[in-house]
Amino acid sequence: MALRIEMKNPLVELDGDEMTRIIWRMIKEILLLPYLDLKTEYYDLGLKNREKTADQVTIEAASAIKKHRVGVKCATITPNATRVKEYGLREMYKSPNGTIRAFLDGTVFRQPLLVQNIKPLVKTWTKPITIARHAYGDLYKDVELRIEEAGKAELVFTSAQGKIKREVIHNFAGSGVLLGMHNLDQSIASFARSCFDYALKHKQDLWFAAKDTISKKYDHTFKDIFAEIFVSEYKEKFAAQGIEYFYTLIDDAVARLMRSTGGMVLACKNYDGDVLSDLVASAFGSLAMMTSVLVSPQGEYLYEAAHGTVQRHYYRHLQGEATSTNAMATIFAWSGALRKRGELDRLVPLVNFAACLEKAARQTVEDGYLTKDLAEMAEPPVQGAVNTIKFLEEVRARLDRSLAD
Ligand code: NAP
Ligand code: MG
């Protein structure tokens, strides 16, 4: 066996929960440790350890990503009331993704993995569609009130100098609901720049969509900031690459998307991106084929799968079943992080390894070794689904061949 591939600086490794935690270990044992002198700085974001550290571990992991610049994250449980009981939690800890995104700021780019034997549900989509989701603010940092009686609701801003801006929101005749949310010019500007940079790097058109006709200040600010930055910093670079940028309304964008052939980046506000990335993932075949990377304005990268901890499979795993859980997006989280680490540290063998791993994983699917989520959709059809271990062993066989070439 050839020498193991060396690494210089560590990846920040964020372990997680349930079925994805099981798959995480399998990927390391079967596809990484035999080939790499894997260097990671390990943080256990599993719910038990978040409880043990009162969630400090999440903050420490986020700081480590700032330090080392590249991280890879396993899916984690965002606790709700049921989980608080299940795990005996002292507190309903916040979503680790939310905490990390608020810490690093930036944009989440989600791109589906295309394979020849899984046809998208939208017949015209022949190229991947990337959803670029703003990772800060709006609904995800809102303040809400439940109103139980008649009264006046106002929006009030008091400046640091004591100046006041005031608008009536509504005169309530009875019960109802209220919501306040915000965003920051600085965060919107870095969102815009990371989208322009991503589009240039991948030579893809960039669309940005919001609802400025209705939201004449809030969404209009997003539109204006994108336009200003485009004109002053990117217009010529886009022209030189032969790609375009345009703004359109979110409803127009989804209509155009359905009739398109794909291959573009669609930049979305936080909530729109949340919704559209799951829609795009499912239409391309499976949530488990959606890759995800958080890019911060300072150039820090956190790679993960877009899906969650696949709870139902985990309970079957606990009963001794070898589940057929799709490991593709988690494999690509590792390959993405290893490639980025290799690029930053100028380690060509590491970059090559990442490419070989991706090729082997795609080839395994295209050779008809499919997990249950994909097996029924395959064209040509396959005889039944494989379990996760068998899938990973088939990837390993192809990886061996690809590395030998
Ligand atoms: P989920 O884990 O994504 O799973 C939803 C369903 O999608 C699964 O039950 C499964 O369908 C299918 N699926 C997802 N990933 C799959 C895979 N790799 N292979 C095969 N099938 C897959 O979402 P959830 O059930 O709503 O959430 C479970 C937990 O994950 C929650 O505690 C949530 O907080 C957390 N979560 C974490 C993240 C993150 O860390 N990034 C994101 C989302 C959710 P079948 O059961 O029908 O096979
Ligand atoms: Mg979501």
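Residue indices begin at 1 and follow the sequence shown. Counting convention: from 1, in listed order, for ligands and their atoms alike.
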(Q) Under 3.5 Å, is there a donor on one side chain and an acceptor on the other for Asp400 and Tyr35? (A) yes

Q: Let me know which of Asn326, Asp373, Thr371 forms a side-chain hydrogen bond (donor to acceptor under 3.5 Å, both in side chains) with Ser286.
A: Asp373

Q) If you measure only the distance, is there a donor-acceptor pair under 3.5 Å linking the side chains of Ser187 and His134? A) yes

Q. Is Arg341 salt-bridged to Asp345, cutoff N-O under 4.0 Å?
A. yes

Q. Taking atom types as modelled, is there a side-chain donor on Tyr315 or Gln319 under 3.5 Å from an acceptor on the other?
A. no

(Q) Restricting to distances shorter than 2.8 Å, give the number of protein N, O or S atoms close to the Mg ion (ligand 2). (A) 1

Q) Do you see a donor-acceptor pair shorter than 3.5 Å between the side chains of Ser95 and Asn97? A) no

**Q.** Donor-acceptor side-chain pairing of Glu51 and Tyr93 below 3.5 angstrom
**A.** yes

Q | Positive for side-chain contact (heavy atoms from CB on, under 4.5 Å) with Trp207, one of Leu266, Asp252, Val265 | A | Leu266

Ligand-protein N/O pairs under 3.5 Å (ligand 1):
residue  : atom   : partner : partner atom : Å
ligand 1 : 2 (O)  : Gly308  : N            : 3.4
ligand 1 : 2 (O)  : Thr309  : N            : 3.1
ligand 1 : 2 (O)  : Val310  : N            : 2.8
ligand 1 : 3 (O)  : Gly308  : N            : 2.8
ligand 1 : 9 (O)  : Arg312  : NH2          : 3.3
ligand 1 : 18 (N) : His307  : NE2          : 3.3
ligand 1 : 18 (N) : Asn326  : O            : 2.8
ligand 1 : 19 (N) : Asn326  : N            : 2.9
ligand 1 : 30 (O) : Thr309  : N            : 3.0
ligand 1 : 30 (O) : Thr309  : OG1          : 3.2
ligand 1 : 32 (O) : Arg83   : NH2          : 3.1
ligand 1 : 34 (O) : Thr78   : N            : 2.9
ligand 1 : 40 (O) : Lys73   : NZ           : 3.4
ligand 1 : 40 (O) : Thr76   : N            : 2.9
ligand 1 : 40 (O) : Thr76   : O            : 3.4
ligand 1 : 40 (O) : Thr76   : OG1          : 3.4
ligand 1 : 40 (O) : Asn97   : ND2          : 3.1
ligand 1 : 41 (N) : Asn97   : ND2          : 3.0
ligand 1 : 46 (O) : Arg312  : NE           : 2.9
ligand 1 : 46 (O) : Arg312  : NH2          : 2.9
ligand 1 : 47 (O) : Arg312  : NH2          : 3.1
ligand 1 : 48 (O) : His313  : NE2          : 2.8

Q | Tyr136 and Phe191 aromatic centres sub-6.0 Å | A | no

